[in-house]
Enquirer: 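To start, I am sharing the structure in question, which I have written as structure tokens.
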Amino acid sequence: MAWEFLTVYWREMIRFVRFRTQLFSSLLQPALWMAFFGIAMSSNFDRFTSSIPAPAGVVPLDYLTFMAAGVIAMTTLFTSLFGGMSLLFDKNWGLMREMLASPMPRTHIMLGVSLSGMTKSFIQASIIMAFGLLLGVQFFPGYSAARIALSILGIFVFVGVFSLGFLLFSSTISMRLESPEGLQGIITLLTLPLFFVSNALYPIQAFPPFLQTLSIFNPLTHLVNGIRYFALGGDFFAVGARYTSTTADVLGSFAYLVIFAAVMYLLARRTFERAVVT
Amino acid sequence: MGGDDIIEVRDLEHAFGNFAAVRGISFTVKNGEIFSFLGPNGAGKSTTINILTTLLPLQKGTVRVAGYDVAREPAKVRETIGIVFQEDVLDRDLTVRETMEFHGRLYGIPREERRRRIDDLLGIVELESKRDERTKNLSGGMKRRLQIARGLMTQPEVLFLDEPTQGLDPQTRMRIWDYIRQVNATGTTIFLTTHYMEEADMLSDRISIIDHGRIVVSGTPAELKDALGEDVVYLETEDDEKARDALSGIEEIRSVTESPRGLSVTISADGSHCLPRIIERVRGAGIAISNVNLKKPTMDDVFVHYTGSELRDAGA
Ligand SMILES: Nc1ncnc2c1ncn2[C@@H]1O[C@H](COP(=O)(O)OP(=O)(O)OP(=O)(O)O)[C@@H](O)[C@H]1O
Ligand SMILES: [Mg+2]
């Protein structure tokens, strides 16, 4: 096993902490989402849906709790989609030639960048969970300490695989594009449908059938499923709907994300092995 | 090709789209020498270096570096070479030490060894005091020195230096020449490109001049200059007219003209061998000589002779 990707990871993390504005905005942005969007929306949703009674024996959850999982997922999506951007700068400024001319296997470039993107997502997810709990998010209702630890681990595994897939995707695009503006355009185009055709902010049960089907293929939906399963349990009631998921459902979601990441890995590897940067 | 050739290039061609940047070049670089690759802007020097260092794919021809074929064993080639790029390629937000550290890790140099080499090299290029400075705060010369130190860190068998002294002051350039000689003395083969002809002249064991993607001439600096065969002797005498007559009949003299520095005698052979005879002749005719000057061709003369005098930036 060669460990050179840790070198790339090391450099990416130096950059992360050194670019103060990037650091602070990436830490602040999810908190702001929770604070403003979350609180504003929850007073609305909770008003609409409070009239619908929860079935007997099922825990009703408020909207803030419901959407906190969505905010983790959305933040992970954004961070990962932008994660390949540093490669584009490396390429345009000629820095990548140093790596390409070195004996380090080329796939390590993308592995190092991906690992650092995953780290950033873990940090952000932790911030959202911590800040959310302060705001009154009812994650881990009545869980024992051990179950909380296990749930957090489960959330991280989901966040990790999901972000890996999108980081590799972003790296591939970055290697093939010339300008950061191009990458930004693609990201904007992608995030809107990914975000809104998912269960991040509202239940998909009320979607028209076509959108419901589409949302099943959306990796974001599966990430949110995973996070909710670990944070809220397999049976809860929120936004006027009952959510039940079995271990099999969650494994299915996980498998989908693993396949997605694997496909992105193959794409990225092909791109990196053929990359010509001078 | 001999066993002591560390670089062997045969019939190399490279095109960008339908523009042929390198048009069939062959050359060898001997193990342990300093080899210079000269040529006007756009001649194809950097393109050749990029192919030799595996950054560009090999399109046509064969290239072996340190015994490895660049097309079949690029990873092996990468392990044996170091490169200092023509452009400054430094991560602006890393410090000097981190820049070196990153490079050393890329090549898998163990920690202790890495530390030692960083200390040594920063000492050699005199950047110890800038160790924790971010590279964006270095001067142009310091950036070049850092990149040279970085290129040396892996103790490569072949070090490619693409215009390492471009835009530097004379002191810094001379210091860089010293580093290059020091490194070469430890056995590293140097592949150099430069637009400073006296630099190539002084440093190189051998030189190839490339123009429009073709090698136009190769040889040692002395061979190249001698081959021009245009040594000029400047004579200041008490009577230039008479001296001129006295010189007629010496076979090697190609022409004699008046110049502000006296008589300018162009010689088709080695000037230092003709000089005594010229002096004897003029003295023999009873003409006193007040000043004699022998001017040998410089590398600049060689360069212009083989590549012409028109500018290349515009057309190439
Ligand atoms: N990526 C590229 N795409 C298209 N043309 C290129 C590319 N790289 C180089 N060229 C062209 O190939 C030719 C040779 O370029 P190269 O960089 O090898 O010249 P050079 O000898 O290094 O010149 P200089 O002394 O100015 O550095 C030039 O005409 C250049 O425009
Ligand atoms: Mg060049």
Side-chain angles (χ1 to χ4, degrees), chain A residues 1-24 26 85-113 115-116 120 175 178 180 269-278, chain B residues 14 16 21 46-59 65 68 70 73-95 97-111 114 134-136 147 150-151 153-154 156 160 162:
Chain A
M1 181 75 190
W3 296 95
E4 281 89 354
F5 66 90
L6 289 177
T7 303
V8 180
Y9 174 72
W10 171 72
R11 192 200 56 170
E12 289 292 312
M13 293 314 288
I14 288 182
R15 285 176 169 176
F16 178 59
V17 296
R18 208 155 275 177
F19 295 151
R20 290 295 136 115
T21 39
Q22 199 201 332
L23 179 67
F24 285 118
S26 68
M85 185 87 95
S86 75
L87 288 172
L88 208 140
F89 286 120
D90 270 5
K91 197 177 68 164
N92 288 355
W93 292 341
L95 295 176
M96 192 170 284
R97 287 189 290 176
E98 180 192 1
M99 290 188 268
L100 292 180
S102 81
M104 174 178 73
R106 293 184 169 191
T107 46
H108 284 224
I109 300 175
M110 66 191 199
L111 291 180
V113 167
L115 198 61
S116 89
K120 292 171 202 171
M175 288 302 283
E178 296 281 325
R269 198 178 66 179
R270 226 170 95 104
T271 303
F272 271 84
E273 277 171 356
R274 296 178 182 190
V276 175
V277 177
T278 58
Chain B
H14 197 91
F16 295 104
S46 297
T47 303
T48 306
I49 288 188
N50 283 337
I51 298 166
L52 266 53
T53 55
T54 74
L55 285 171
L56 276 175
L58 182 74
Q59 291 178 348
V65 176
Y68 302 110
V70 294
E73 295 171 289
K76 291 280 186 195
V77 172
R78 288 178 199 137
E79 278 170 25
T80 60
I81 58 170
I83 319 171
V84 175
F85 295 105
Q86 180 171 354
E87 303 81 14
D88 280 330
V89 283
L90 291 171
D91 196 320
R92 296 165 41 82
D93 291 285
L94 293 190
T95 65
R97 189 193 59 80
E98 286 163 351
T99 301
M100 298 286 283
E101 181 82 16
F102 178 68
H103 195 73
R105 287 191 185 194
L106 277 185
Y107 286 76
I109 303 172
R111 185 195 202 86
R114 214 161 57 210
R134 300 214 197 157
T135 66
K136 64 179 167 195
Q147 287 173 93
R150 179 171 72 180
M153 203 178 163
T154 57
F160 292 87
D162 200 352

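A note on names: the letters A, B, ... follow the listed sequences, proteins ahead of strands, and every chain is numbered from 1. This one's a predicted model, so the numbers in the text were calculated from it and none came from an experiment.
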Enquirer: Going by heavy atoms in the side chains, are Arg97(A) and Glu87(B) under 4.5 Å from each other?
Expert: yes
Enquirer: Can you tell which part of Asp93(B) gets under 4.5 Å to a heavy atom of chain A, answering side chain, backbone, both or neither?
Expert: both
Enquirer: Heavy atom to heavy atom, less than 4.5 Å: which residues from residues 11-21 of chain A reach chain B?
Expert: Arg11(A), Ile14(A), Arg15(A), Arg18(A), Phe19(A)
Enquirer: With a 4.5 angstrom heavy-atom cut-off, is it the side chain or the backbone of Arg92(B) that approaches chain A, or both, or neither?
Expert: neither
Enquirer: If you round to the nearest 0.5 Å, how far is CG of Leu95(A) from CZ of Phe85(B)?
Expert: 10.0 Å
Enquirer: For chain B, which candidate among Asp90(A), Leu6(A), Leu100(A) shows the most heavy-atom pairs at distances under 4.5 Å?
Expert: Leu100(A)
Enquirer: Please step through side-chain contact (heavy atoms from CB on, under 4.5 Å) for the pair Val276(A) and Leu56(B), ending with a clear verdict.
Expert: CA-CA 6 Å; Val276(A) 175; Leu56(B) 276 175; 3.7 Å; yes
Enquirer: With a 4.5 Å heavy-atom cut-off, do Val89(B) and Glu98(A) have their side chains touching?
Expert: no
Enquirer: Above 12 or not: heavy atoms from other molecules or residues under 6.0 Å from NZ of Lys91(A)?
Expert: yes
Enquirer: Counting heavy-atom pairs under 4.5 Å to chain A, which of Thr47(B), Asp91(B), Thr54(B) comes out on top?
Expert: Asp91(B)
Enquirer: About how many Å separate OG of Ser102(A) and CD of Glu79(B), when rounded to the nearest 0.5 Å?
Expert: 10.0 Å
Enquirer: Would you mind checking which part of Arg106(A) comes under 4.5 Å of any heavy atom in chain B, side chain (CB onward), backbone (N, CA, C, O), both or neither?
Expert: side chain
Enquirer: Side chain, backbone, both or neither: which part of Met99(A) has an atom under 4.5 Å from a heavy atom of chain B?
Expert: both
Enquirer: Considering only heavy atoms, which portion of Ile83(B) lies under 4.5 Å from any heavy atom of chain A: side chain, backbone, both, or neither?
Expert: side chain
Enquirer: Going through the distances and angles, do Glu101(B) and Trp10(A) end up as a side-chain contact (heavy atoms from CB on, under 4.5 Å)?
Expert: CA-CA 10 Å; Glu101(B) 181 82 16; Trp10(A) 171 72; 3.5 Å; yes
Enquirer: Report yes if the side chains of Arg105(B) and Trp3(A) come closer than 4.5 Å at any heavy-atom pair, otherwise no.
Expert: no
Enquirer: List the atom of Pro103(A), the atom of Ala75(B), and the distance in Å for their closest heavy-atom pair.
Expert: CB-O, 4.5 Å
